[in-house]
Participant: 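Just dropping this structure here.
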Amino acid sequence: AKKAGRNTLRFFDPQMQETVIARALLERELSKALENDQFQLYYQIQMTDLNEPFGAEALIRWIHPERGLIPPNHFIPLAEEVGLILPIGLWVLDTACNQIKIWEKNASTRELVLAVNVSARSFFQDDFVTQIQTVLQRHAINPKRLKLEITESMMLNSIEQTIEKMNALKKLGVQFAMDDFGTGYSSLQYLKRLPLDQLKIDQSFVRDIATDSSDKAIVTTIVAMAHSLNLDVIAEGVETEQQRQLLIESGCSQYQGYLFGKPAPIRQFEESLKPGLRQ
Ligand code: C2E
Ligand code: CA
Ligand code: CA
Ligand code: CA
């Protein structure tokens, strides 16, 4: 029933009505989740080919008092639709920068770069650059420790505006990653104009890399192109040693996925960083 668009809601359909009620309930609970302190950031490690951790991605979780852990796919789209993503996005940035500050004080975590997902709605707010500047100053962190993950789809309608905004943010010193690369429609013409630092190869290309020769070819091509544009390239969703081997063959030297660690709460994440516990 979820699949039906907003305009096709028919209230005489009892199942549909249930969905409408469930959605309204979720929205009301979501609107209180921030003040009730129900969000948590999980952290997933990012590794080099030398098995050195160099960064992490922050991934939000909603810890609901009755429903338990709710994954982002179950509430971020709704939050985007109703605008709650704006305060939620600010909370994510603030929490992430606070964590970066803590990491900067410790020799073993000082160099970690923390990547944060930015939704289109946040990015295209008039004062987004000021918001980033404010949060960087509030926590007094080195801006290059913060990496903003954007997607190809979010700049479909306004490439020029995207480039302008990215350049302004780049001046603050933050990094940029293009998330889910290969699933959208970005033209190479635009790609070379965006001030990016990293491409993230979407996990759909990694999943079947061992069995689908076109996926292997696509990955090899993306890696070569990224490197020729002077960009880092990281593969997402790396689950097996075989996938890692094939990625190495493709020239890819940064990885993120369950093979290295699932997204975890901060204590668990930091525990897994301790030398000797790492595989
Ligand atoms: P994403 O940015 O593409 O994040 C990667 C997703 O892949 C995460 O799902 C992660 O847990 C999952 N993943 C990581 N390694 C593996 C693996 O080896 N195998 C498989 N099958 N999956 C893996 P998650 O945490 O459920 O997040 C889903 C999406 O929700 C994210 O996709 C992102 O688009 C969005 N999201 C998460 N946190 C935030 C946030 O703070 N703000 C915004 N705006 N969106 C967020
Ligand atoms: Ca991401
Ligand atoms: Ca992704
Ligand atoms: Ca995604």
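Counting starts at 1 for both ligands and their atoms, following the listed order.
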Participant: List ligand 1 atoms under 4.0 Å from Glu236, heavy atoms only on the residue side.
Facilitator: 3 (O), 5 (C)
Participant: Would a single hydrophobic cluster contain both Ile222 and Tyr190, if residues Ile, Leu, Val, Met, Phe, Trp and Tyr are joined by side-chain heavy-atom contacts under 4.5 Å?
Facilitator: yes
Participant: Going by atom types alone, do Gln44 and Glu57 pair a side-chain donor with an acceptor below 3.5 Å?
Facilitator: no
Participant: Would you say Lys216's side chain and Ser250's backbone share a donor-acceptor pair under 3.5 angstrom?
Facilitator: no
Participant: For ligand 1, which part of Leu259 has a heavy atom less than 4.0 Å away: the side chain, the backbone, both, or neither?
Facilitator: neither
Participant: Tell me, do Glu29 and Asn36 make a side-chain contact under 4.5 Å, heavy atoms counted?
Facilitator: no
Participant: Report the name of the N/O/S atom of Asp180 located nearest to the Ca ion (ligand 3).
Facilitator: OD1
Participant: Does Val118, backbone or side chain, put an N or O under 3.5 Å from an N or O of ligand 1?
Facilitator: no
Participant: Quick one, Leu146 and Cys97 - any side-chain contact, counting heavy atoms below 4.5 Å?
Facilitator: yes
Participant: Using a 4.0 Å cutoff against the non-hydrogen atoms of Gly257, which atoms of ligand 1 qualify?
Facilitator: 15 (N), 18 (O)
Participant: Can Gln198 and Gln175 be counted as having a side-chain donor-acceptor contact under 3.5 angstrom?
Facilitator: no
Participant: Using a 4.0 Å cutoff against the non-hydrogen atoms of Glu57, which atoms of ligand 1 qualify?
Facilitator: 2 (O), 4 (O)
Participant: Roughly how far, to the nearest 0.5 Å, is OH of Tyr43 from CD of Gln99?
Facilitator: 4.5 Å
Participant: Measuring from the heavy atoms of Lys200, does anything fall under 4.0 Å of ligand 1?
Facilitator: no
Participant: Verify the distance criterion only: is there a donor paired with an acceptor across the side chains of Gln245 and Glu241 at less than 3.5 Å?
Facilitator: yes
Participant: Run the numbers for me: atoms of ligand 1, each under 4.0 Å from some heavy atom of Glu239, listed by number.
Facilitator: 17 (C), 18 (O), 19 (N), 20 (C), 21 (N)
Participant: Determine whether Asn106 and Ile102 make a side-chain contact, defined as any pair of heavy atoms from C-beta on separated by less than 4.5 Å.
Facilitator: no
Participant: How does Gln44 reach ligand 1, by side chain, by backbone, by both or by neither, if only non-hydrogen atoms under 4.0 Å count?
Facilitator: side chain
Participant: Have a look at Glu80, Arg61, Arg207 and point out the one with the heavy atom closest to atom 25 (O) of ligand 1.
Facilitator: Arg61
Participant: Is the distance from the Ca ion (ligand 3) to the nearest N/O/S atom of Asp179 under 3.0 Å?
Facilitator: yes
Participant: Between Asp180 and ligand 1, which residue portion shows a heavy-atom distance shorter than 4.0 Å: side chain, backbone, both, or neither?
Facilitator: side chain
Participant: Backbone or side chain, does Glu149 get an N/O/S atom under 3.0 Å to the Ca ion (ligand 3)?
Facilitator: no
Participant: Can you sort out which atoms of ligand 1 are near Ser119, meaning under 4.0 Å from one of its heavy atoms?
Facilitator: 44 (N)
Participant: Of the choices Asn117, Thr95, Asn73, Ile60, which has the non-hydrogen atom that lies closest to atom 43 (C) of ligand 1?
Facilitator: Asn117
Participant: Taking only residues two or more places apart in sequence or in another chain, which ones pass side chain to side chain donor-acceptor pair (under 3.5 Å) with Glu80?
Facilitator: none
Participant: To the nearest 10 degrees, could you say what angle the Ca ion (ligand 2) makes with OD1 of Asn117 and OE2 of Glu57?
Facilitator: 90°
Participant: Could you establish whether Gln256 and ligand 1 come within less than 4.0 Å of each other, counting only heavy atoms on the residue side?
Facilitator: no
Participant: Quick one: which of Lys262, His74, Gln203 has a heavy atom closest to atom 6 (C) of ligand 1?
Facilitator: Gln203
Participant: Run the numbers for me: atoms of ligand 1, each under 4.0 Å from some heavy atom of Pro72, listed by number.
Facilitator: 24 (P), 25 (O), 26 (O), 27 (O), 28 (C), 30 (O), 36 (N), 37 (C)
Participant: Distance under 4.0 Å to a non-hydrogen atom of Val92: what atoms of ligand 1 satisfy this?
Facilitator: 41 (O)
